[in-house]
There are 2 protein chains.
Amino acid sequence: MVENEGVRNYYENKDRFYVAVDCIIFGFHEDELKLLLIRRRFDPCIGELSLMGGFLNKGESIDAAAERVLQELTGLENVFMEQIGIFGEVDRDPGERVLSAAYYALINSDDYNKELADSHNAVWVPMNDIPALIFDHNIMVMMAWKQLKRKAAVEPIGFNLLPQYFTLPQLQSLYEAILGETLDKRNFRKKVLAMDIFEKTEEKDKSNSKRGAFYYRFDYDKYNALVQNGSHFAL
Amino acid sequence: MVENEGVRNYYENKDRFYVAVDCIIFGFHEDELKLLLIRRRFDPCIGELSLMGGFLNKGESIDAAAERVLQELTGLENVFMEQIGIFGEVDRDPGERVLSAAYYALINSDDYNKELADSHNAVWVPMNDIPALIFDHNIMVMMAWKQLKRKAAVEPIGFNLLPQYFTLPQLQSLYEAILGETLDKRNFRKKVLAMDIFEKTEEKDKSNSKRGAFYYRFDYDKYNALVQNGSHFAL
DNA sequence: GCAAAAGTGTTAAACGTACACCCATGA
DNA sequence: TCATGGGTGTACGTTTAACACTTTTGC
């Protein structure tokens with residue numbers, strides 16, 4: 001074990017750090033893009049608004065920690081998540097030095113465990129009106145939004161924010177919310193339908209109009225087949 | 001100090017981790033995009049090729065650690081660097097569990113401290129022929145290249161890989177190397193010159209042809225002024 | 001019958017792409 | 001004089017952006 005001794009010594013005198021993950025949880029409700037935040041019932045910064053976070057555990061990958069933290073708040077698994085990056089300013093957490101890996105998640109805001117979320121003091125806040133959050137969480141949120149915009153413009157990930165069946169007007173207002181700009185109805189539909197990754201159903205959603213809008217469904221099989229062939233999807 | 005006690009307890013039972021930074025150092029030489037790698041003279045994986053890395057120190061931000069590590073190898077400061085993300089698989093380092101924040105850097109491959117680099121066993125390796133590296137370094141490299149492509153397509157960052165004075169043929173072959181595709185000479189020049197962020201000099205580079213190619217210079221002032229006005233730059 | 005949202009095509013402008021020849025110079 | 005890389009403009013096709021009216025239906 002002489003070799004292992006050598007390896008161990010290599011690491012031995014290095015500093016070790018607390019590592020957290022913070023989740024930027026996006027939802028879409030009432031034509032608005034929103035964040036699921038928590039009002040902290042614990043120190044530091046008790047009473048203030050923050051992202052849902054948690055510490056990385058031994059034996060757990062950072063991705064797994066992010067999934068666990070999301071699940072602790074929402075009960076959800078297999079959610080679309082992407083890393084934003086790690087935030088490592090020395091004084092970012094006034095309590096102790098903690099590094100934090102930020103992840104954003106896209107959830108369907110009708111379909112999560114509300115009791116669980118309530119038990120963490122969770123609140124939905126519109127993206128266009130985000131208040132001051134603790135630490136560097138506002139920066140994380142803005143970087144997540146930027147990354148979401150970029151990603152949404154090149155891959156059809158918006159579906160993760162909608163129920164399984166959704167209408168084209170819904171989809172459009174979602175993309176308007178993500179991109180922060182209004183889109184032309186005809187151009188939007190033309191582009192979306194040209195992608196040919198949707199299945200139109202016979203059902204209509206009459207909650208928003210007398211006429212009703214047809215429900216569509218995202219067709220994963222068609223989408224995956226097209227991706228195999230190198231197709232690209234820009235909204 | 002009762003309040004501080006409460007805060008301290010909050011962190012006390014959490015795990016702590018070794019954190020490293022790894023640098024993906026791009027250079028451009030002989031019409032090829034290259035990486036500056038090191039052949040390790042220390043464990044673990046002694047003798048193998050890897051990215052230049054180092055451990056995060058107490059009291060040092062992660063960004064600062066990345067800059068320090070780059071400087072330890074190249075002697076350079078104030079270099080264009082961007083974080084790729086943090087890599088946190090449990091077994092990514094076979095010696096001990098170490099998290100690693102990956103950064104890419106763009107340097108001018110004529111203008112760094114070669115003795116210093118030699119002392120670390122540094123070697124330039126063409127991007128199109130990257131051998132097996134230790135740990136997850138190949139993944140880091142591929143993600144860095146992807147991010148470089150995306151970034152280079154939307155912001156004129158390529159200049160960081162060239163000397164202060166460069167010719168348009170040089171610039172074109174750089175972008176061809178970054179993007180991994182050949183570009184049309186006339187279209188490239190049209191686009192580049194339309195940006196109006198260059199200053200043509202009267203000097204010529206005659207090292208590649210008898211006629212010689214005019215040297216240009218990136219005009220930071222013009223560029224910054226245009227960015228202020230919301231201009232975008234896509235190559 | 002009317003209010004309110006859903007649905008539908010065409011046209012012009014901008015942009016990207018393909019393409020071929022002359023120029024300047026040192027050897 | 002010729003070989004080599006530097007430099008230049010145009011025409012076509014594709015993509016994007018602007019734009020207004022008809023349809024459905026519950027009240």
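Letters A, B, ... mirror the listed sequences (proteins, then strands); counts begin at 1. As a basis for the values below, the full set of heavy atoms in this structure was taken, side chains included, without hydrogen atoms, waters or symmetry mates.
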Asker: Give the rounded distance in Å between these two atoms: CD of Gln172(A) and P of dA6(C).
Answerer: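 Interatomic distance, CD of Gln172(A) to P of dA6(C): 9 Å.
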Asker: Whole Å only: how far is the CZ atom of Phe214(B) from the P atom of dT8(D)?
Answerer: 9 Å
Asker: Considering only heavy atoms and no angle criterion, is a donor-acceptor pair shorter than 3.5 Å present between the side chain of Lys190(A) and the base of dT16(D)?
Answerer: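 When only heavy-atom distances are counted, Lys190(A) does not reach the base of dT16(D) through any donor-acceptor pair under 3.5 Å.
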Asker: After noting the C-alpha distance and the side-chain angles of Tyr220(B) and Phe159(B), does the key distance pass the ring-ring contact (aromatic ring centres under 6.0 Å, His included) rule?
Answerer: CA-CA 11 Å; Tyr220(B) 288 91; Phe159(B) 311 102; 7.9 Å; no
Asker: Between Arg186(A) and Gly212(A), just flag the one whose closest nucleotide in DNA chain C comes earlier from the 5' side.
Answerer: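 Looking at DNA chain C, the more 5' nearest nucleotide goes with Gly212(A).
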Asker: For DNA chain C, whose closest nucleotide is more 5', that of Thr167(A) or that of Lys210(A)?
Answerer: Lys210(A)
Asker: For the pair Glu48(A) and Arg40(A), find out whether any cationic side-chain nitrogen is under 4.0 Å from an anionic carboxylate oxygen.
Answerer: no
Asker: Can you say whether a donor on the side chain of Arg211(B) sits under 3.5 Å from an acceptor on the base of dA24(C), or the other way round?
Answerer: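 Checked by distance alone, the answer is no.
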Asker: Could you check Gln170(B) against Asp184(A) and say which one's nearest nucleotide on DNA chain D is further toward the 5' end?
Answerer: Gln170(B)
Asker: Taking only N and O in the side chain of Lys206(A), is any of them less than 4.0 Å away from OP1 or OP2 of dG26(D)?
Answerer: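 Answer yes for this pair, as a side-chain N or O of Lys206(A) is under 4.0 Å from OP1 or OP2.
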Asker: Report the distance from atom NZ of Lys204(A) to atom P of dT23(D), rounded to the nearest whole Å.
Answerer: 14 Å
Asker: May I have the distance from Asp205(A) (atom CG) to dA6(C) (atom C1'), rounded to whole angstrom?
Answerer: 11 Å
Asker: Quick one: Lys191(B) NZ to dT17(C) P, roughly how many Å, whole number?
Answerer: 6 Å
Asker: Report yes if at least one side-chain N or O of Arg189(B) is closer than 4.0 Å to OP1 or OP2 of dT8(D); otherwise report no.
Answerer: yes
Asker: For Leu168(A) and dT23(D), give me the distance from atom CG to atom P, rounded to whole Å.
Answerer: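 Roughly 20 Å, once rounded to whole Å.
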Asker: Categorize Asn208(B) for me: base, sugar-phosphate, or nothing, with a 4.0 angstrom heavy-atom threshold over every strand shown.
Answerer: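 Since only primed, P, OP1 and OP2 atoms lie under 4.0 Å of Asn208(B), the category is sugar-phosphate.
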Asker: Give the rounded distance in Å between these two atoms: CG of Leu171(B) and C1' of dG7(D).
Answerer: 15 Å
Asker: Relative to the ring of Tyr104(B), is the ring of Phe26(B) parallel (under 30°), tilted (30 to 60°) or perpendicular (over 60°)?
Answerer: perpendicular
Asker: Please compare Pro169(B) and Asn187(B) by the position of their nearest nucleotide in DNA chain D and report the one closer to 5'.
Answerer: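 Between the two, 5'-proximity favours Pro169(B).
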Asker: Just do the side chain to side chain contact (heavy atoms under 4.5 Å, CB included) check on Tyr165(A) and Glu203(A) with the steps written out, would you?
Answerer: CA-CA 9 Å; Tyr165(A) 293 95; Glu203(A) 319 300 321; over 6 Å; no
Asker: Measure the distance from NZ on Lys185(B) to P on dG6(D) and round it to the nearest whole Å.
Answerer: 7 Å
Asker: Is the backbone N or O of Phe218(A) less than 3.5 Å from a side-chain atom of Lys222(A), with the two atoms forming a donor-acceptor pair by type?
Answerer: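 No.
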